[in-house]
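Below you'll find the structure, written out as structure tokens, and then a few comments.
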Amino acid sequence: MNPASTPSIPPGAGATSSGATSGPVQDLEDVALLLHQASLAAWEIGDREGLTSEMHYLGLGVYLAQGNTVALLPADHVMSQSWPPVGPPAENDPARLVASAENRLRALRADVTPGLSDLVLEVCDLAREFREHTELDRVDRARQAEEAQRHGS
Amino acid sequence: MDRERAAGAHAPTGAAGPRHDGRSIGELLRDADHLARTLLMDLTAQDAPGLLRSWDRLVDAAAAAWTAIDRVGTNPAVQPPPGRDPDPMLRLHAVTEGIATTLDSARWPGPGPGSTVVEEISDNIDRVTDLLERSAVELPRHRPDIQSDVAAAQMRLMHTVYLSAHAVTSSLQQHGRQLRHGEQRPAQLANPGPPYAAGPTGRWVQRIGVCEGIAGHYVRGTAGGFAAAVAGEVMPRPEDPGRLHHELARWDVQVHRSLAADPSPHNLVLASRTQAFIAATALPLLTAAHHAGLVAGEDLQPLTNAVETSGDAWNQLASRWADLAPTSSRADSDLTRAAAHLRAAARELTHSPKGKPTATDIVERVDIVRALGSVQHALAAAVGVAHLTRDPAANPDLTGPARPLSIRAHNDTETANARQPYGGDAEDVLWVTPQDVFANKAVPLPRPVADNLALAARHVVSAAASATAATTPFGPFGHLADGNGTRARVQEPGRRTPTPPSESLNQCTSTPSRNCPTR
């Protein structure tokens with residue numbers, strides 16, 4: 001994605017008369033928060049697992065997508081939340097957070113939000129990569145459990 | 001955003017014009033599939049006439065390619081699963097012939113230009129047929145890998161047709177919606193069929209919808225779907241091992257520029273995590289080099305330790321800078337783009353669609369010497385990047401959001417106390433006030449956080465220097481110890497190891513330098 005050449009939503013476009021955001025701007029803000037939370041969560045796992053953890057690769061992709069999401073917001077936009085909420089560990093699953101971001105993007109229309117299509121593609125690819133990683137991880141664990149059982153017996 | 005720009009932003013590398021097209025069958029099919037996906041982006045009602053006009057040419061091309069693939073690789077002993085259409089392309093072609101006949105005499109859309117994207121897809125598929133007819137021999141059909149390769153090619157072809165059909169019907173429906181709004185008549189929700197299939201578009205939506213259904217039935221009817229089918233594709237060696245070198249060089253230039261111009265926390269997080277990613281990319285390449293006999297056993301562990309330490313140091317630094325980078329931070333777009341390209345290029349070498357490859361897989365697919373040379377160069381450049389992170393880390397005026405800084409200060413204090421022989425300072429220091437934490441205000445860095453940030457930056461410099469020193473033998477004109485203990489000269493960059501003859505459908509090309517079975 002090329003955020004420098006991609007026009008973002010015009011300044012002030014998302015503001016209502018009360019100053020609160022609405023519509024696509026709010027949706028993009030929520031997506032940015034979800035992706036930020038996902039990148040932090042992925043890197044936390046990656047830092048625990050070591051340098052070669054797949055989570056580092058995935059976390060980097062999510063962080064890039066977060067930056068591209070913020071680039072679509074109006075230049076003068078002030079986010080209502082500057083930091084993702086701190087929730088219980090069960091809600092901090094990066095795969096689930098990315099899937100939530102993908103789901104949230106479905107509410108947006110490409111003809112109303114310029115530059116949206118590339119972001120959708122990016123986030124969908126990330127969601128797929130997380131699913132593939134989860135599946136490979138599950139297969140690995142099953143194989144290890146089987147080997148452990150074989151050695152034990 | 002126009003479709004051509006979208007296509008360019010994510011286009012696979014290696015696309016070429018018609019006269020000097022060196023793409024393989026697999027590459028042509030992947031490019032066609034990619035172009036079909038771009039059709040669905042930013043689709044409008046204005047696209048409907050052009051898409052409809054180009055539809056029959058696309059299906060003609062797909063049918064010819066399908067037949068050619070069938071002749072090459074189908075094992076007559078293998079029957080399609082029960083309930084599966086034995087030849088979906090035949091049905092698709094028959095329906096499209098009917099559409100084309102009606103189109104010639106229809107008032108709408110009438111004569112006019114087609115869709116440039118669909119024409120390009122059709123050109124790609126025509127080249128596939130041409131290559132199959134000119135270059136491919138009867139491959140050993142009994143081999144499971146050939147059968148998987150052929151099945152993957154057919155799936156890509158049908159998937160391309162499926163996406164294109166969906167683009168046509170979606171655009172037609174948008175056209176119908178526009179007509180409805182123009183006529184100010186409500187949509188006929190009680191009638192069967194799409195509610196926005198208005199006027200002349202209605203029958204086209206239905207007829208193209210039949211094609212979409214045939215193609216979609218094939219795609220969804222395969223066990224595991226599209227992804228499972230194309231996983232059987234025989235992937236060629238990365239055709240441009242210079243791609244990693246190019247992206248690493250581009251990253252090096254951009255990260256220096258971006259950090260010199262704007263060492264913001266967001267840019268520093270991105271720079272640090274990407275540098276760690278470069279170190280992580282080096283590790284499987286080193287293991288593969290050892291497997292190929294390029295690195296002696298006793299050299300491998302110190303090498304990987306040095307690189308791993310450097311990568312870990314970068315990650316620790318990134319983790320600290322992330323505390324200061326709120327969600328709203330604006331990224332440097334050039335730095336973001338360079339990181340994204342590097343991520344994709346490195347991934348191509350160290351991963352495969354089936355999961356993490358073994359050292360043998362990497363040696364077979366990658367020019368190890370050249371790849372390691374590129375990575376060593378990047379690790380050497382990392383020392384300069386590390387120095388660029390030191391000054392921002394030592395800035396006494398840094399501020400950040402109270403919540404993460406409070407957590408970090410607490411953790412740093414606990415860690416410091418745990419290291420003390422007698423449990424450390426028992427006094428509990430409140431580094432950030434609860435009011436500031438609740439409001440998540442921007443606050444100055446608590447002292448332990450500031451001290452440890454500066455320490456992490458200094459550690460990165462020394463770890464990067466150690467990794468550079470350890471991996472110097474892999475640089476251009478470096479020396480490696482071979483298994484016998486004598487010192488051998490590394491292959492110079494640009495000299496590739498010989499490519500074995502291809503025996504797969506997807507690797508056949510028109511380029512003479514690539515080996516392909518010929519008649």
Side-chain angles (χ1 to χ4, degrees), chain A residues 1-7 29 32-37 39-40 43-44 46-47 50-54 56-57 59-61 63-71 73 75 77-79 81-86 110-111 114-118 120-122 125 128-129 131-133 135-136 139-140, chain B residues 1 3 5-6 8-10 37-38 40-44 227 266 269-270 273-274 276-277 279-281 283-284 307-312 314-316 318-319 322 325-337 339-340 343 346-347 350-351 353-356 401-404 407 440 442:
Chain A
M1 184 168 170
N2 185 354
S5 62
T6 303
E29 197 178 290
L33 278 165
L34 285 165
L35 292 176
H36 189 191
Q37 191 177 355
S39 67
L40 294 175
W43 280 331
E44 191 178 344
D47 287 342
L51 183 62
T52 53
S53 168
E54 185 76 356
H56 284 300
Y57 167 78
L60 181 59
Y63 196 63
L64 292 169
Q66 179 219 324
N68 290 332
T69 307
V70 172
L73 289 167
H77 179 71
V78 176
M79 288 184 69
Q81 265 184 280
S82 63
W83 200 261
V86 177
D111 53 345
L116 178 67
S117 300
D118 270 351
V120 170
L121 203 67
E122 197 177 354
D125 280 345
R128 178 183 47 78
E129 286 176 353
R131 282 195 299 272
E132 285 170 0
H133 167 72
E135 179 57 25
L136 285 170
V139 167
D140 267 344
Chain B
M1 156 166 294
R3 193 161 298 119
R5 198 150 41 125
H10 289 280
R37 290 165 197 259
T38 65
L40 295 171
M41 289 161 70
D42 304 324
L43 199 60
T44 66
H266 188 99
V269 171
L270 184 52
R273 287 291 181 186
T274 306
F277 177 68
T281 300
L283 292 178
V307 171
E308 204 164 337
T309 302
S310 166
D312 286 339
W314 280 113
N315 276 331
Q316 289 305 313
S319 171
T327 307
S328 56
S329 308
R330 294 261 165 184
D332 177 326
S333 57
D334 292 328
L335 190 67
T336 301
R337 198 174 318 117
R343 182 176 177 264
R347 187 73 167 175
T350 59
H351 283 74
K354 294 172 189 161
K356 275 216 164 122
R403 208 174 293 152
I407 296 171
N440 204 20

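Keep in mind that what you see is a predicted model, and the values were worked out from it rather than measured. The figures that follow rest on heavy atoms only: side chains count, while hydrogens, waters and symmetry mates do not.
- Partners of B:A322 under the side chain to side chain contact (heavy atoms under 4.5 Å, CB included) rule, at least two apart in sequence or in another chain, are A:L40, B:V269.
- With a 4.5 angstrom heavy-atom cutoff, B:S329 touches chain A only via backbone atoms.
- Between chain A and the options B:A227, B:A339, B:S319, B:A280, the largest number of non-hydrogen pairs under 4.5 Å is found for B:A280.
- The contact between B:A279 and chain A is made by backbone and side chain atoms together, counting heavy-atom distances below 4.5 Å.
- Relative to the six-membered ring of A:W43, B:R273 meets both conditions, a distance below 6.0 Å and an angle of at most 45° to the axis.
- Only the side chain of B:L283 has a heavy atom closer than 4.5 Å to any heavy atom of chain A.
- Among residues two or more places apart in sequence or in another chain, the side chain to side chain contact (heavy atoms under 4.5 Å, CB included) test is passed with B:Q316 by none.
- For the pair A:E122 and B:R343, the salt-bridge criterion is not met [side-chain N within less than 4.0 Å of a carboxylate O].
- For chain A, the option among B:P401, B:A340, B:S328 with the highest count of heavy-atom pairs below 4.5 Å is B:S328.
- Residue B:A318 does not touch chain A at all, counting heavy-atom pairs closer than 4.5 Å.
- With rounding to the nearest 0.5 Å, the separation of CG in A:L60 from CG in B:L270 is 6.5 Å.
- No side-chain heavy atom of A:T52 sits under 4.5 Å from any side-chain heavy atom of B:E308.
- Atom NE2 of A:H56 sits about 12.0 Å away from atom OG1 of B:T281, to the nearest 0.5 Å.
- Atom CD of A:Q66 sits about 6.0 Å away from atom NE2 of B:H266, to the nearest 0.5 Å.
- Considering every non-hydrogen atom in both A:G67 and B:A331, the closest pair reads CA-CB, 4.3 Å.
- For the atom pair B:R337 CZ and A:N68 CG, the distance stands at 9.5 Å (nearest 0.5 Å).
- Summarising the geometry, atom OG1 belonging to B:T327 is positioned 4.5 Å from atom CG belonging to A:L33; distances are rounded to the nearest 0.5 Å.
- Note that CG of A:L121 is 10.5 Å distant from CG of B:L40, once rounded to the nearest 0.5 Å.
- Counting heavy-atom pairs closer than 4.5 Å to chain B, the top-ranked of the candidates A:E129, A:R128, A:H133 is A:E129.
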